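Here's the structure, in structure tokens; my notes come after.
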Amino acid sequence: MHKVAQVELVVGLEVHVELATRSKMFSRAPNPAGRGVGVPAHDPAAPRKDRESCKDTSAGTAVPPNTLIDPTVLGLPGALPVMNRAAVEMSMMVGMALGCSIAPLSRWDRKSYFYPDLPKAYQISQYQLPLCFDGAVELGAGDGTLPARRIGIIRAHLEEDAGKLLHEAPGGGRIDHSIVDWNRAGTPLLEIVTQPDFRNADEVVEFAQMLRNICRFLGASEGVMQKGHMRFEPNINCVLTLDDGHTVRTPIVEVKNLNSFKSLRGAIEHERREQPGRWLEDGLTLGPGTKTTRGWDDAAGEGRTFPQRGKEDAHDYRYFPDPDLAPVVVDEAWRERIRAAIPELPAIRRQRYIGEYGLSGKEAAVLVENREVCLYYESTIEACIERGMDRSGAGRRAANMILQSGAKRANERAAGAEPVLVSDLGIRPEQIAGIIRLREDGAITSNTADELFGLLCSPHESEPADADPGEVAARRGLIVVRDDAAVSRWCEQAIAEQPQAAADVRAGKSQAIGRLVGAAMKASAGKGEAGAIRERLMVMLK
Amino acid sequence: MANEPLSLAETRKVATLSRLALTDAQLEEHRHHLGAILNHVRQLQALDLAGVEPMTSPVQSVNRLAEDVPGPTLSNEQLMAMAPHGAAEPPFIRVPKVIGGAESS
């Protein structure tokens, strides 16, 4: 009986990204994953009322079931597919951002598929000639917590998504059959396949988050995990080093349909723990016919993978060229036009924030996590510069305001439901810049800056949408009072209210001054500055 | 090689992949039909195709792309009206119970 001395994890990843085109891949029925279809994830232009009116239905989709359909989606006789230009171009962009080459010629294949969530009995995909191939990305370049690591990209190809099969009645009742919703059928999917270059779960999750950021910046996907915009399928095995020095490779396990970073990490860590024991039990090693498919159950404790029944002849998909679709030929002019349209990518922005503004890796990572927030942050910096601040200071202070006052309000408003972005709070970048300017001038305290931020977050309720922070602060009496007489009056009042604390300070217990500062600040109704009050108290109690 | 039938095992596999439940008599009949079809197509193998590019599509055109503008849809009522007898379960379509992962990959 051997003992396992060491376990090295080997992971390759398949990712399905639902592209945010307005219409479907091969017909012009609206795409549920598109911007502005159903509940927009974070569209600041959309009035709140509209967002609520098209909220959830029992099917778990944003629009009523089986309404985003047309003859092509349903596979009706005579319906012919026509490829969506935007889906091709979004895929080219993502491929380029992943360092891929773009195929000069790619084409469409039919993959036999016998489940009713795709009614025409095949899925259109790219098998032989994918649109993007042979790329690589660098991990760990960001905050220095992970060593830099190169992840090869085998291919990124386009295919169509299937609809949704439901095995319970809407609302959860038991049914002895299944029901299908075809809204998602035909949504463009970009399938990205990496080399087995990952060696731990951290790397896989970092890659997945990087990919989501890239897709968001390119406008290629909304990247909302809860809506299934990204689904992960890691292929996991281990290299076991035995106590006698021999190595053994365990069979590959593919975990299907993970739709959160947490479950992706959980599934990989679970397999790393389980595979050595499985090998000790069954002795199976990597080889033809040993790959298995597992599902993920996150209900129990840390979660676990469980075996899924392999589909019969699962790999006999009988691909053949789709005669209804013309090949896609990408010439240099088209390729370069797309390349030129790619904006500065999140990883590069993150580095710039660290270098130019002195942000920590973590702060910078949060700011680039979402395209809307990132652009909002940059607008705030520009507005600060317009108000006479230097770029570096503006970058630092805008980050503080957004990551503290902003994040706090966003969390409050989300209250555990769908996440709310700072950029959707209602306060405009110019207003944040105005607050920062007031604070820089010493006209308001840091507490007041936060209070002003809150007041301007709910336009129409507390202040008009275009309210000027300086005017609001003045009208509400939030401007710092530097009047010596007033400061003395607040301090005297505090000493009178807290004679014991005053006596303690006089006796040399300087930490007791905190209570007096608090009392004086209260007496000032927020107009005093803690530093000035503390100084005055020290003088008075000497 | 004239019209050699498919083996029974191959015929069974093709039937399984096509989700067809065939009786033994039907399998016997179809293995002859399939053999005849394959034999007909097999004639192509006699041709010298060296230097001929594989045809990716029966049409010569490439890049038949549509602009990404949403168009008309069918309503849920139209779908229900089209559904085979007993399959309409508004707003869904009733299908046989699907066991296991049917999600496309």
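Keep in mind it's a predicted model, so treat the numbers as computed, not measured. Per chain, numbering begins at 1; letters A, B, ... match sequence-line order.
The distance from atom CZ of B/Arg64 to atom CG of A/Leu80, rounded to the nearest 0.5 Å, is 10.0 Å.
What you find for A/Ala326 and B/Ser61 is that their closest heavy atoms are CB-O, 3.3 Å. Across B/Gly71 and A/Pro30, no two heavy atoms sit closer than the pair O-CD, 4.5 Å. Nearest heavy-atom pair across A/Arg28 and B/Ala66 is NH1-CB, 3.2 Å. In terms of heavy atoms, B/Leu17 sits closest to A/Phe114 at O-CE1, 2.9 Å. The two atoms that bring B/Val95 and A/His177 nearest to each other are O-CB, 3.5 Å, heavy atoms only. Counting all heavy atoms, side chain and backbone alike, B/Pro91 lies closest to A/Pro65 at CG-CG, 3.7 Å.
The part of A/Leu325 that comes within reach of chain B is its backbone (N, CA, C, O), which places non-hydrogen atoms under 4.5 angstrom from that chain. Using a 4.5 Å cut-off between heavy atoms, A/Asp109 does not touch chain B at all. Interface residue B/Pro72: only backbone heavy atoms are found under 4.5 Å from chain A. Using a 4.5 Å cut-off between heavy atoms, B/Glu89 touches chain A through its side chain atoms alone. The contact between B/Ser75 and chain A is made entirely by backbone atoms, counting heavy-atom distances below 4.5 Å.
Interface summary for chain A: among B/Leu74, B/Leu65, B/Asp68, B/Leu79, the most heavy-atom pairs under 4.5 angstrom belong to B/Asp68.
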Candidate pair A/Leu76 and B/Met82, rule side chain to side chain contact (heavy atoms under 4.5 Å, CB included), full reasoning: CA-CA 10 Å; A/Leu76 297 183; B/Met82 276 191 284; 3.8 Å; yes
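No donor-acceptor distance shorter than 3.5 angstrom exists from the side chain of B/Asn76 to the backbone of A/Thr67, with no hydrogens or angles considered. A donor-acceptor pair under 3.5 Å is formed between the side chain of B/Asn63 and the backbone N or O of A/Val329.
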